[in-house]
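From a predicted model like this one, the values you see are computed outputs, not experimental measurements. Keep in mind that the numbers below use all heavy atoms, side chains included, and drop hydrogens, waters and symmetry copies.
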Amino acid sequence: MENLNKEIYFHVGLGKTASTYLQYKVFPKFKGIYYIQRTRYEKYPKIIEQTNHKTYLISREFDRQFEREVRRMASHYPYASIIIVLRRNDSWLASQYRRYVKNGGYKSFGEFVDIENNQGHWDLKEGFFHKKLQLIEEIFPNKPLVLFHDELKNDPFSFIDRIAKYTGAEYEKNKIDINPQHKSYSTKQLKVLKRISTKIFPREKKEIKNKTLHYINFRSRWLLCHLILYAAYLLPKKWFLDEKIIGNEELEKIKAYYYDDWSKCIEFAKEKSFDPTAVDALSE
């Protein structure tokens with residue numbers, strides 16, 4: 001079958017917008033579409049070239065790699081249709097920070113996202129989403145499906161229905177588990193890990209070029225962090241009541257900083273997304 005006769009749907013994330021949940025609990029249940037799991041992402045051009053399905057769904061969440069990988073997809077399949085899930089900027093950055101702490105990060109939230117001078121661990125430009133939507137619109141002729149993380153939380157099956165309608169897939173609701181793929185660690189657990197990370201992990205990470213050594217170092221750190229998180233679960237919550245991971249004032253500053261960007265994303269979804277429903281409440 002020629003590639004021009006194949007329909008390609010590409011779920012690009014973003015990260016921390018329930019991508020893992022979709023990849024493992026929803027997309028595998030879709031019928032009438034060939035799903036290429038994230039673990040096979042690097043081989044997707046070869047898989048599509050060597051198989052004869054009419055419709056394909058590829059899923060791989062991106063943050064900093066977004067533009068590179070979207071352009072890569074366009075170079076292979078310029079008529080692909082894009083699925084993207086957005087989460088309000090402040091909530092998204094807070095979730096990115098919680099993951100950073102979970103992986104042994106020791107910096108404060110203000111050092112992770114420096115709203116004043118942009119000298120933080122995370123560049124402020126990465127938190128702008130409207131430019132990502134503009135890039136999709138610029139290089140792909142088909143209307144994208146723009147979804148919002150809150151839609152999934154508020155009405156999971158309506159959210160999933162929209163993806164199924166967009167891709168032409170079918171699914172059985174009784175086969176879908178609406179529980180998250182990964183449950184978040186509690187604030188108490190993250191507080192404990194952050195305290196310990198500050199003392200035991202080096203302030204500057206040394207680059208390890210050997211892939212085997214890099215993997216061993218990563219997995220060792222991952223294992224230690226998770227052992228600490230599990231042990232922290234047993235500690236009394238009252239020991240950590242006065243300690244915050246993220247301050248409300250910091251989040252409000254970030255929300256204000258990205259307010260215009262978020263408003264533009266909502267307008268884009270209303271005007272340029274496939275079947276633009278269920279987005280009115282998100283501007284609040």
Side-chain angles (χ1 to χ4, degrees), residues 13-21 61-64 66 84-133 146-156 159 180-198 225 228-229 232-233 237-269 278-284:
L14 300 174
K16 308 309 295 179
T17 60
S19 293
T20 303
Y21 167 76
E61 69 276 20
F62 302 113
D63 294 322
R64 289 167 172 153
F66 184 89
I84 184 169
V85 184
L86 302 179
R87 183 174 182 171
R88 201 176 68 191
N89 316 68
D90 55 310
S91 174
W92 182 75
L93 284 168
S95 186
Q96 292 283 5
Y97 178 67
R98 292 176 74 88
R99 177 169 66 179
Y100 164 79
V101 173
K102 183 193 74 173
N103 290 330
Y106 55 82
K107 293 183 178 180
S108 68
F109 186 60
E111 293 171 317
F112 182 78
V113 184
D114 179 4
I115 205 72
E116 303 295 338
N117 303 304
N118 196 23
Q119 297 297 315
H121 180 81
W122 198 278
D123 195 314
L124 291 176
K125 70 180 181 182
E126 301 296 340
F128 287 101
F129 301 146
H130 185 246
K131 289 183 178 180
K132 291 177 170 58
L133 298 179
V146 181
L147 298 165
F148 293 90
H149 186 255
D150 279 351
E151 295 178 69
L152 176 59
K153 291 196 299 181
N154 296 335
D155 191 345
F159 181 96
Q181 176 70 12
H182 297 303
K183 291 185 178 180
S184 299
Y185 290 101
S186 69
T187 299
K188 178 189 72 173
Q189 289 172 289
L190 293 176
K191 288 175 182 178
V192 173
L193 178 58
K194 185 171 178 293
R195 279 189 189 181
I196 296 174
S197 297
T198 303
C225 287
I228 295 169
L229 286 166
Y233 178 79
K237 186 177 181 180
K238 63 182 180 181
W239 290 0
F240 305 93
L241 292 178
D242 296 332
E243 195 178 333
K244 289 187 176 181
I245 289 290
I246 303 172
N248 293 333
E249 290 185 6
E250 292 174 303
L251 280 179
E252 285 299 321
K253 285 182 180 180
I254 291 174
K255 182 179 177 181
Y257 183 84
Y258 289 107
Y259 178 84
D260 288 342
D261 180 73
W262 185 242
S263 298
K264 289 177 182 178
C265 290
I266 293 171
E267 288 305 309
F268 185 102
V279 297
D280 290 331
L282 296 168
S283 58
E284 297 177 359

request  = Measure the CD1-CG distance between Ile228 and Leu193 for me, rounded to the nearest 0.5 Å.
outcome  = 5.5 Å

ask   = Is the shortest side-chain N to carboxylate O distance from Lys264 to Asp261 below 4.0 Å?
value = no

inquiry  = Tell me if the aromatic rings of Trp262 and Trp92 count as close, with their centers under 6.0 Å from one another.
reply    = no

query = If you round to the nearest 0.5 Å, how far is CZ of Arg88 from NE2 of His149?
reply = 12.5 Å

key: Interatomic distance, Arg98 atom CZ to Ile246 atom CD1 [nearest 0.5 angstrom]   = 6.5 Å

task = To the nearest 0.5 angstrom, please state how far the OH atom of Tyr97 sits from the CD atom of Glu111.
result = 8.0 Å

inquiry  = Nearest 0.5 Å, please: how far is OG1 in Thr17 from CZ in Phe148?
reply    = 11.5 Å

request  = Return the orientation label for the Phe112 and Trp122 ring planes: parallel under 30°, perpendicular over 60°, tilted otherwise.
outcome  = tilted

query = Looking only at heavy atoms, what is the nearest atom pair of Ser197 and Gly105, with distance?
reply = CB-O, 4.1 Å

ask   = Any side-chain heavy atom of Val113 sitting closer than 4.5 Å to one from Asn118?
value = no

message = Using only atom types and a distance under 3.5 Å, with no angle test, would you say the side chain of Tyr257 pairs donor to acceptor with the backbone of Glu116?
response = no

Least distance between heavy atoms, Asp114 atom then Gly120 atom = CB-N, 3.5 Å

key: Closest non-hydrogen atom pair, Gly127 against Asn89   = O-ND2, 2.7 Å

request  = Could you pull out the closest heavy-atom pair between Gly15 and Asp63, with the gap in Å?
outcome  = N-OD1, 3.2 Å

query = Is it true that a side-chain atom of Asp90 and a backbone atom of Lys255 form a donor plus acceptor pair closer than 3.5 Å?
reply = no

inquiry  = With a 4.5 Å cut-off on side-chain heavy atoms, are Cys265 and Leu133 touching?
reply    = yes

query = Between Ser19 and Gly13, which heavy-atom pair has the shortest distance, and what is it?
reply = OG-CA, 3.6 Å

inquiry  = Does any part of the side chain of Phe159, heavy atoms only, come nearer than 4.5 Å to the side chain of Asn154, both counted from C-beta?
reply    = no

key: Under 3.5 Å donor-acceptor, Asp123 side chain and Glu126 backbone   = no

key: Contact check, side chains of His121 and Phe109, non-hydrogen atoms, under 4.5 Å   = no

ask   = Taking C-beta and beyond as the side chain, do Leu190 and Leu229 meet within less than 4.5 Å on heavy atoms?
value = yes

ask   = Roughly how far, to the nearest 0.5 Å, is the CD1 atom of Ile115 from the CD atom of Glu250?
value = 10.0 Å

key: Taking every non-hydrogen atom, the tightest pair across Tyr258 and Leu124   = OH-O, 2.6 Å

ask   = Considering only heavy atoms from C-beta outward, does the side chain of Leu14 approach that of Arg87 to under 4.5 Å?
value = no

